[in-house]
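What follows is one structure encoded as structure tokens, with my remarks underneath.
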Amino acid sequence: MSKIRVIIDTDPGIDDALALILALASPELSVEAITTVAGNVTVAQAVRNASLLLEVIDPHSRPPVAKGATRPMTRPLRTAEGYHGEDGLGELSRFKTEAGVLRYPEPQQRLASQSAPTLMTELISGAPGEMVVICIGPLTNLAMAIQAAPTEMAKVKEIVIMGGAIQAPGNVTPGAEFNLYTDPEAARLVFTSGLPITLVPLDVTQRVMLRAELIEAVVRHIGSRVTQFVRDVTERLFGIEQERAGCAAIPLHDPLAVGVVIDPSLVVRRPLHVDVETGAGSAQGMTIADRRQIREEWKQPPNLQVCMEVDAGRFMALFLERICRPLT
Ligand code: BDR
Ligand code: CA
């Protein structure tokens, strides 16, 4: 079976880190590059976190890490350290070994010579019809690549985006999801590009919940470096959710976008026309999906395949199996 070649565009981020682990532990995928973007954290921190993660996982073949956009296309950056922690990874410097040294020392940062949009474009145009881009942060890098090199980017096999809220409420404002809220101009450019896009919105990602007690049980049974990291990176967030919602559980937003590429049968997709609000008012970054039950020719043609249902049990089983397996 030939592997699916993927580029992961990310702003790590706790669930980004879990998504990268899932991707790198999955034999169906070949991760050809990790491109970083400002979002949950600054892009410098995103590069650092991606590098740290590669040191923790230590995959046999280490994908290049490229630095991308430092801020959204037209707006100032608004990061999310309140949720993801000061370092974006749940404040890992809290953890020390028995000898008192950092469990997660500062990683070596070996950066690709190209910027994230350039590396993305080169990989896609070098393998026409083969490369899948999985975007789990704001869409700034992808939009910049499409704007600069539309013909080369048209050779992409598929783009899978974690973002948006179709019927579900938003998670950063009442109406908007974080990745699209952060850079709505980039999202609109991508959504109107005509490229083959699958959207993985909050409607499905909030149905795949990782519970703290499950991770505790996993670490008790499989005490590997990866499972220990999964526990450490999520611990602070479980505490926040326990206090906020009375339940120590977090949504696996970004891992589900990877899961959809590993096993497309995990979700039911619906073709929809989706627009993004680019104003600066209370609707900033909202997705407007045309779900009207009228004749298709009266509407704008669908521009996205939107995941509207998920087999949550099967996805969670996949996720747990992959974080427990020895890396190949
Ligand atoms: C998205 O926002 C970020 O905080 C997460 O990493 C995920 O990509 C969910 O709205
Ligand atoms: Ca993310």
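As the structure lists them, so they are numbered: ligands from 1, and atoms in each ligand from 1.
Residue contacts with ligand 1 for Asn171 involve side-chain atoms from C-beta outward but no N, CA, C or O (heavy atoms, distance under 4.0 Å). Contacts between Thr205 and ligand 1 below 4.0 angstrom, taking non-hydrogen atoms only, are absent altogether. If you look at Asn40 next to ligand 1, the close heavy atoms, those under 4.0 Å, all belong to the side chain.
In summary, Arg211 and Glu241 do not engage in a salt bridge, as defined by a charged side-chain N under 4.0 Å from a carboxylate O. One finds a salt bridge joining Glu106 and Arg48 here, because a Lys/Arg side-chain nitrogen approaches an Asp/Glu carboxylate oxygen to under 4.0 Å. Under a 4.0 Å N-O distance rule, the pair Arg325/Glu321 qualifies as a salt bridge. Classification of Asp183 and Arg71 as a salt-bridged pair fails, no side-chain N sitting under 4.0 Å from a carboxylate O. Salt bridge Glu216/Arg231: present, at least one basic N to carboxylate O contact under 4.0 Å. For Glu130 and Lys157, the salt-bridge test fails: no basic side-chain N is under 4.0 Å from an acidic carboxylate O. The existence of a salt bridge linking Glu243 and Arg236 is excluded, since no basic side-chain nitrogen approaches an acidic carboxylate oxygen closer than 4.0 Å.
Taking distances strictly below 3.0 Å, the protein N/O/S atoms close to the Ca ion (ligand 2) are Asp11 OD1, Asp16 OD1, Asp16 OD2, Ile136 O, Asp254 OD2.
Closest protein heavy atom to atom 8 (O) of ligand 1: Asp254 OD1, 2.6 Å. The nearest protein atom to atom 9 (C) of ligand 1, hydrogens excluded, is given as Glu177 OE2, 3.2 Å; this is a heavy-atom distance. The nearest heavy-atom contact from the protein to atom 6 (O) of ligand 1 is Asp15 OD1, 2.6 Å.
Of all the atoms in ligand 1, the ones that sit under 4.0 Å from a non-hydrogen atom of Phe178 are 2 (O), 3 (C), 4 (O), 10 (O). For ligand 1, the atoms lying closer than 4.0 Å to a non-hydrogen atom of Asp16 are 6 (O). Annotation for ligand 1: atoms under 4.0 Å from non-hydrogen atoms of His253 are 9 (C). Distances below 4.0 Å separate heavy atoms of Met162 from the following atoms of ligand 1: 1 (C), 7 (C), 8 (O), 9 (C).
Here the straight-line distance linking atom CG of Leu18 with atom NE2 of His253 works out to 11.0 Å at 0.5 Å rounding.
Put simply, the side chain of Leu54 reaches to within 4.5 Å of the side chain of Pro63, judged on heavy atoms.
The shortest N or O to N or O distance between Gly137 and ligand 1 is not under 3.5 Å.
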- Pair Arg94-Glu235, salt bridge (charged side-chain N to carboxylate O under 4.0 Å, His left out): steps then yes or no: CA-CA 11 Å; Arg94 294 178 293 133; Glu235 186 195 71; 2.8 Å; yes
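The other residues sharing a hydrophobic cluster with Tyr181 are Val172, Phe178, where clustering joins ILVMFWY side chains under 4.5 Å apart.
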